[in-house]
Amino acid sequence: MIKKDKDGKIDIIGMNLEEMVTTFVGLGLKKFNATQVFDWIHNKMVFNFDEFSNISKKDREFLKEHFYIAQLTFKTHQISDDKDTEKFLFELSDNRLIESVLISHKNRHTLCVSSQIGCLIGCDFCATATMTYERNLSASEILLQFYYVQKYLSERGERLGNVVYMGMGEPFLNYDSVIESINILNSPKGQNFSKRNFTVSTSGIVTGIEKFTENESQVNLAISLHSVRDDRRTEIMPINKRWGVQELKKALINYQKKTKNRITFEYILIDDFNCEYSDAFELADYLRSFSCLVNLIPYNPVKGKIYKTPSKSKQREFYKLLKDKNINVTLRETKGQDIAAACGQLKAKKEMENGTEN
Ligand code: SAH
Ligand code: SF4
């Protein structure tokens with residue numbers, strides 16, 4: 001994606017190889033210079049023009065005149081008591097803060113990236129929704145979250161295995177940058193990260209799902225469902241007023257017909273709200289149309305919110321009800337609760353400590 005700053009310089013990390021070649025050649029550089037620079041950035045993960053040692057000093061100076069390197073500065077790091085969840089707070093070049101979460105299971109590492117600063121969807125249970133919405137992240141800012149953590153893991157000889165777009169923000173409201181970041185990470189000349197290892201999670205933006213169905217048949221899709229009753233879902237997710245559960249279902253049936261991909265449904269368990277016997281019954285009925293996996297997520301308490309996490313036995317009971325109805329279901333352990341690992345919570349905590357709203 002070609003993105004320029006106020007001085008007209010191009011964001012070099014956000015360009016795919018094709019764009020880099022065209023732009024470089026257009027500026028009088030050689031085609032192979034583009035391949036070299038792409039390799040420095042997206043394969044070697046080097047983000048300093050002066051370190052591009054196979055590019056002449058003159059050409060490096062020329063690059064600095066026409067391009068800029070987006071910044072992502074590490075601020076804080078928190079590791080959960082069980083060591084399985086690690087949370088990173090980063091600062092962007094305009095001083096705004098974003099977070100990424102690394103979730104590890106033995107040697108399997110999943111990175112949860114943010115796609116926006118804040119979120120306009122306004123789900124009532126979510127910490128990100130309490131922040132002021134600032135802006136979309138650029139493709140480069142999404143990529144840099146990946147590169148930072150990939151480098152961090154490489155110090156102990158490990159690598160990322162999966163990337164989920166489940167951090168701050170609604171990925172389908174930043175569609176182009178999200179897809180561009182996936183394409184660049186997928187590039188054989190870059191990380192060569194398989195499209196099958198990405199999951200994009202949406203609150204249910206039907207127009208986004210339709211576009212995704214047409215163009216991104218290999219990337220996994222997750223849907224934040226949380227209730228299949230329109231009145232209930234609308235109560236916690238205002239997006240449901242725009243696209244109700246039946247309209248969502250229609251789009252998802254079409255998605256599955258076209259892509260044959262298994263859909264992941266995220267379902268937060270909120271006490272006295274969506275995890276009674278009748279909820280399991282209705283949920284199972286809704287899901288009958290799909291090949292899917294239901295991920296039950298015990299509600300992660302957010303300061304100032306009324307919602308409560310059901311007891312462990314109630315969680316297991318709901319899990320079992322779905323299992324008995326032959327639904328493919330997992331009950332997520334509440335991981336990293338001690339470090340506020342649910343989306344947006346570290347930033348929200350920091351804002352509260354600083355006494356600021358954004
Ligand atoms: N905006 C996208 C992706 C980011 S949110 C979406 O909504 O799908 C990622 C997931 O975290 C969503 O399923 C969301 O419902 C869930 N989530 C948000 N706040 C939570 C909380 N306090 N406890 C548990 N899950 C939460
Ligand atoms: Fe936005 Fe997702 Fe949070 Fe809803 S749950 S406010 S869509 S980040």
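Just so you know, ligand 1 is whichever comes first in the structure, and atom 1 is the first atom listed for that ligand. Heads up: numbering here begins at 1 and tracks the sequence.
For the residue pair Ser140/Asp11, the side-chain donor-acceptor check at 3.5 Å is satisfied. Side chains of Glu86 and Ser80: no donor on one and acceptor on the other come within 3.5 Å. Using modelled atom types, one finds a donor on one side chain and an acceptor on the other under 3.5 Å when comparing Ser181 with Tyr165.
Distances between N or O atoms of Tyr165 and those of ligand 1 include no value under 3.5 Å. Looking at ligand 1, you won't find any N or O of Tyr299 less than 3.5 Å from one of its N or O atoms.
Close approach of ligand 1 to Val302 (heavy-atom distance below 4.0 Å) involves ligand atoms 22 (N). Atom numbering of ligand 2 starts at 1 in the shown order; those under 4.0 Å from a heavy atom of Ala129 are 6 (S). When each atom of ligand 1 is checked for a heavy atom of Thr202 under 4.0 Å away, the hits are 6 (C), 8 (O). Interface atoms of ligand 2 facing Ser203, defined by a heavy-atom separation under 4.0 Å, are 7 (S). Residue Cys123 approaches ligand 2 through these ligand atoms, each under 4.0 Å from one of its heavy atoms: 4 (Fe), 5 (S), 6 (S), 7 (S). Taking every non-hydrogen atom of Glu266 and a distance limit under 4.0 Å, the qualifying atoms of ligand 1 come out as 10 (C), 12 (C), 13 (O). Close approach of ligand 2 to Gly169 (heavy-atom distance below 4.0 Å) involves ligand atoms 8 (S).
A salt bridge links Arg135 to Glu141: at least one charged side-chain nitrogen sits closer than 4.0 Å to a carboxylate oxygen. Ion pairing between Asp50 and Lys57 fails under the 4.0 Å rule for side-chain N and carboxylate O.
Asn261 pairs in a side chain to side chain donor-acceptor pair (under 3.5 Å) with only one of the listed residues (Arg196, Gln218, Gln256), which is Arg196.
The minimum heavy-atom distance between Pro171 and Val178, with the atom names listed, is O-CG2, 3.7 Å.
With sequence neighbours excluded, no residue satisfies salt bridge (Lys or Arg N to Asp or Glu O under 4.0 Å) with Arg60.
At least one heavy atom of Gly169 lies less than 4.0 angstrom from ligand 1. The closest approach between Ala127 and ligand 1 stays at or above 4.0 Å for every heavy atom of the residue. The shell of residues lying under 4.0 angstrom from ligand 2, judged by heavy atoms, includes Gly122. Using 4.0 Å as the threshold, His226 has a heavy atom nearer than that to some atom of ligand 1.
Residues in residues 215-238 take part in these ring-ring contact (aromatic ring centres under 6.0 Å, His included) pairs, two or more places apart or across chains: Phe125-His226.
Contact of the Asp39 side chain with the Lys44 side chain is registered, since non-hydrogen atoms from C-beta on lie closer than 4.5 Å.
Considering only non-hydrogen atoms, atom 8 (O) of ligand 1 lies nearest to Ser224 out of Cys112, Ser224, Cys119. Compare Ala127, Gly204, Cys126 by their heavy atoms: the one nearest to atom 3 (Fe) of ligand 2 is in Cys126.
Taking 2.8 Å as the threshold, Cys119 does not count as a candidate ligand of atom 4 (Fe) of ligand 2, since none of its N, O or S atoms lies below it.
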